[in-house]
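Predicted model only: the values in this text are computed from it and were never measured.
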Amino acid sequence: MDIGDMDVVCPDCGAMIWYYERAKKDPGSNVVRVSFCCKKGKILIPYLEEPPPLIRSLFNGFHPKSSHFFGNIRSYNNMFSFTSLGGRVDTASNDGHGPPHFVIAGQNYHRIGSLLPKHGEFPKFAQLYIYDTQNEVSNRLSHFSSLDSKKALDPLLVAEILAVMDEHNLLVKCFLDLYSMIESQRLSWIRSNQGEIRSDFLAGIEEAISRGDFVASSIGSRIVLPSSFTGGRRYMFNNCQDAMAICKKFGYPDLFLTFTCNPKWPEIQRHMAKSGNYSVYRPDITCRVFQMKLNLMMSDFRKGQFFGRVVASMYTIEFQKRGLPHAHILLWLDPRDKLTTASAIDSVICAELPDKNLFPKLYSTVTNFMIHGPCGNGFTESPCMKDHHRCSKFYPKKFVSHTSFDPSGYPIYRRRDSGHTVIKKEAILDNRSVVPYNPKLMMKYQAHVNIEYCNKSNCIKYLFKYINKGVDRVTATLHTSDDECVDEIQQYYDCRFLCPSESIWRIFAYKIHFRWPPVTRLTFHTQGNQRVVFNDSSNLEKVLKSNNEKGTMFLAWMVANRQYPQGRHLTYSQFPTLFTYDSDGRFWKPRKSGGSVGRLTYIPHGSRELFYLRLLLTAQVGCTSFEDLRMVNGHVHDSFREACADLRLLEDDQDFINAIVEVANIESGYSIRKMFSWFLMSNSMSDPFNVWEQLWEILADGILYQKRRELNLPGELLSLNSLFMFF
C-alpha cells in the first residue's frame with residue numbers, strides 16, 4: 001500500500017503535496033486547486049530561515065559537544081519543552097507509564113493552567129507549567145540531569161541553547177504559530193462571552209415577564225463549555241452516546257482494531273531522505289501520510305475487501321506520548337458475514353508466527369510490528385510489567401490448539417506450538433507472544449494493526465468509552481478555596497497533555513472522531529419548555545416574541561407527521577432513516593438517499609416527566625401534538641408517566657431497570673451500583689430483589705476485571721460465578 005511521492009505542485013504557492021490531498025477542480029476551470037497547503041492561494045507561507053549557527057553545528061556534528069548532545073538528546077528535548085519547573089522529580093515512584101511524578105518545592109511560581117497540591121499532598125503524573133526565569137538553567141538541570149555522572153548535562157551548553165532560543169525562536173518570544181494557542185483563543189472567546197450568553201426555558205421567560213422582569217440578566221443560567229467544543233466533557237459524552245446509538249441499531253460490533261502510524265513507511269523515508277531530516281522532527285509529514293492511509297483503510301473496509309460487507313464503522317484518533325498517531329476502529333459486519341464460528345474467526349484473525357520459509361515478507365512484517373515484549377523474568381523493566389513481576393497484558397499467553405471463548409465472552413485465539421520463533425533483545429519468543437493480526441491487512445499497510453474479535457462480549461461499553469475517552473491528560477491535585485465555583489474551562493486547561501502530532505492533526509483540521517453511518521441527535525422537550533439562548537442585554541419581551549413562533553426539531557417532527565403519511569409509522573428515533581432535518585429552516589424533509597441513525601438525548605431518571613416523555617418517544621408513532629403523545633387507546637392521560645404506565649412501560653419496576661441499563665452503557669460499575677443504592681434508599685422500587693436478579697451481572701460490572709488484575713489471573717481462569725464462590 002504505497003501512496004506514492006509528493007509529486008503534485010500547488011499552482012498557487014508551489015508547495016508539493018500528495019495525489020490524495022488534491023481538491024476538486026473549480027467550476028468552469030481545468031486547474032486543480034489545492035486547499036490543503038494555502039487555502040487556494042489565500043495564505044502565503046514564508047520559506048524556512050537558516051538555523052542559528054549553534055543549532056546547525058550541533059546537528060551537523062561540527063560542534064565539539066555534538067556527540068554529548070546526541071547522547072542526551074531526549075533530556076535536552078524535555079528540558080526545552082516550554083516548561084520551567086520549581087519542583088523535584090520523584091524518580092522512585094515513576095513506573096515508566098507516563099510523565100514523571102513531581103514534588104513541589106518553594107512558593108514563588110506563576111501558575112499557567114497548572115494544578116497545585118493541597119497541603120500535605122503531592123501531585124501525580126503532573127507535567128506542570130510553572131514559570132521561574134530567575135533560576136531557569138538551574139531548574140532545568142536539577143530536573144532533567146541523570147544520576148549517572150557520564151550522562152550529566154552540560155550547564156554551559158544549556159545556557160547557550162537557552163540564549164539561542166530566546167533570541168531566534170519566535171515561539172519563545174510570543175508563545176504563538178502553536179495549537180495550544182489556537183485552542184486557548186477558542187476557549188478565551190467562550191470565556192469572554194460567558195457574561196453575554198444565557199439560556200432558559202421559554203416558559204421561564206413567560207413567567208419572568210408576568211412578574212415584571214424584563215431584563216435578560218435577571219434570569220437563566222450561564223453556558224460554560226458547550227458540547228460543540230472539540231475535546232470538552234460534553235463533546236466526549238455525546239460521542240460516546242452516538243456510539244451506543246449505532247450499537248443499538250446494528251448490535252454489538254464485531255471487530256476492534258488499533259492502527260498505529262509507522263514512521264518507517266517508504267513514503268515518509270523517501271521524503272526525509274530528500275531533506276536529510278528525520279521523521280521524529282516532522283510530525284506534519286507523519287500525520288499527513290497516516291491520515292491518507294487511514295482513509296484508504298476505512299474505504300477498503302466499506303468495500304468489503306478484508307472482512308466481507310461492513311454495515312457500520314467508527315474510529316477515534318489518539319496520540320502516543322512519543323507522538324505517533326494511532327486509530328481505534330470498530331467495525332460492524334453484515335449479518336451474512338458475521339464471524340459465528342471459531343473457524344470463521346481463524347480466517348480473519350491470526351495469533352501465530354508465519355512460516356519464515358513459505359512467507360518471508362509476512363514473517364518480517366509480523367516480527368517487526370506484532371510481537372509483544374519480551375517481558376517477564378529477566379525483563380522486569382518492560383513498560384507492561386506491573387509491580388516489576390507480572391505483565392499487565394498477560395503475556396506470554398498459553399499454547400492452545402483451537403480458538404475458543406472464556407465464560408465472559410473474551411476470545412482465546414489459536415496459538416499452536418509450531419516451533420516458529422523470533423529473537424528480540426536476546427530472548428527467544430514464539431506464538432505465545434504474538435499480538436493478534438490479519439495477514440492481508442499487515443501485508444498491505446505495513447504497520448502495527450492489532451485486531452480483536454469483540455461480538456457478544458461484556459467489554460462493549462468499555463470499548464466505546466475507551467475510543468471516546470477524550471484528550472490525554474496529566475493529573476495532579478488542586479488547592480482551592482472552599483467558595484470557589486466550578487470552572488469547566490479551567491478544568492479543561494488543567495494538565496492538558498498536548499504532543500506535537502496532536503497539534504499538527506488539529507491544525508490540519510483532520511477528524512478526531514469518525515462514524516458511519518452518521519448519527520442524528522434528536523432533541524425534545526415538554527410543552528413550552530424548549531431551551532432559548534439570549535444575550536444579557538436582551539429585552540425579554542422581544543426574546544419571547546421572537547422565539548414563541550420559532551420551531552424546534554421536536555415540534556418540526558410533529559409537523560412532518562401531518563405532512564408526510566410515509567413517516568407516521570416511525571418513532572421519533574426512527575425518523576432520520578427516511579427524513580433529514582434542515583436546521584436553518586427548522587423543518588424535516590424526505591431523504592433523497594442514504595440514512596442516519598437517530599439518537600434521543602440522554603435524560604436521567606431524576607428528571608421525571610422529561611424522562612417519561614423520552615420513554616414514550618420509543619413507543620409512540622405518528623404523533624402530531626403533545627396530546628397524541630399522552631394518548632393510549634383513545635384516552636389522553638394527564639401526564640407522561642400515566643401514559644407510560646398504561647402502555648405497560650413501567651411494569652415490574654421497568655422504568656428503574658431501563659434507567660440502570662441505559663446508564664450502564666456509559667458509566668462505570670461504581671456509578672451503576674451507586675445509582676442502585678439511591679433507588680434502594682428512596683424506597684422507590686416495588687420489588688428491589690426482582691430488579692437485583694435481573695441486573696446483578698450489570699451491577700457487578702468492573703469487579704471481575706479488578707479482581708483479575710489483583711489476583712493476576714487471565715480471563716479463562718476467573719468468572720463472576722467463581723468469584724462469588726471464592727469470596
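- Looking at heavy atoms from C-beta onward, L330 lies out of side-chain contact with L255 at the 4.5 angstrom threshold.
- Between F554 and Y572, a ring centre-to-centre spacing shorter than 6.0 Å is recorded.
- F508 is linked by a ring pair (Phe, Tyr, Trp, His ring centres under 6.0 Å) to F36, Y510, counting only residues two or more places apart in sequence or in another chain.
- Looking at I451 and F256, their side chains never come closer than 4.5 Å, going by heavy atoms from C-beta outward.
- Under the ring pair (Phe, Tyr, Trp, His ring centres under 6.0 Å) criterion, H448 pairs with no residue at all, not counting sequence neighbours.
- Take N561 and apply the side-chain hydrogen bond (donor to acceptor under 3.5 Å, both in side chains) test, not counting sequence neighbours, and it matches no residue.
- Taking the side chain to side chain contact (heavy atoms under 4.5 Å, CB included) definition, one finds that K592 meets it with nothing, sequence neighbours left out.
- Using cut-offs of 30° and 60° for the angle between ring planes, the W696 and W692 rings count as tilted.
- Side-chain contact check for L629 versus L617: some heavy-atom pair is nearer than 4.5 Å.
- By the 4.5 Å heavy-atom criterion applied to side chains, I317 and L294 are counted as neighbours.
- A search for side chain to side chain contact (heavy atoms under 4.5 Å, CB included) contacts involving L296 returns M1, I3, Y20, Y445, not counting sequence neighbours.
- Between F290 and F259, the distance from one ring center to the other falls under 6.0 angstrom.
- Applying the side-chain hydrogen bond (donor to acceptor under 3.5 Å, both in side chains) rule to Y413 yields the partners E452; only residues at least two apart in sequence or on another chain are considered.
- Ring planes of F319 and W505: perpendicular class, angle over 60° (limits at 30 and 60°).
- With sequence neighbours excluded, the residues satisfying ring pair (Phe, Tyr, Trp, His ring centres under 6.0 Å) with F307 are F301.
- Annotation: side chain of L578 is not in contact with side chain of R591 (no heavy-atom distance under 4.5 Å).
- Side-chain atoms of C623 and W557, non-hydrogen and from C-beta on, do get closer than 4.5 Å to each other.
- Remark: S573 pairs with T571 by the side-chain hydrogen bond (donor to acceptor under 3.5 Å, both in side chains) rule, at least two apart or across chains.
- Listed by chain and residue number, K249, L570 satisfy the side chain to side chain contact (heavy atoms under 4.5 Å, CB included) test with T577 (two or more places apart in sequence, or in another chain).
- Remark: R599 pairs with D242 by the salt bridge (charged side-chain N to carboxylate O under 4.0 Å, His left out) rule, at least two apart or across chains.
- T258 and H326 are not linked by any side-chain donor-acceptor pair at a separation below 3.5 angstrom, with hydrogens and angles left out of the test.
- Considering only residues two or more places apart in sequence or on other chains, S343 meets the side-chain hydrogen bond (donor to acceptor under 3.5 Å, both in side chains) condition with T341.
- Residues H513 and Y235 bring their aromatic ring centres within 6.0 Å.
- W332 contributes no side-chain N or O that, together with a main-chain N or O of V310, makes up a donor-acceptor pair within less than 3.5 Å.
- Ring geometry, F405 versus Y453: the interplanar angle falls from 30° to 60°, so the pair is classed tilted.
- Under the side chain to side chain contact (heavy atoms under 4.5 Å, CB included) criterion, D346 pairs with T403, R414, sequence neighbours left out.
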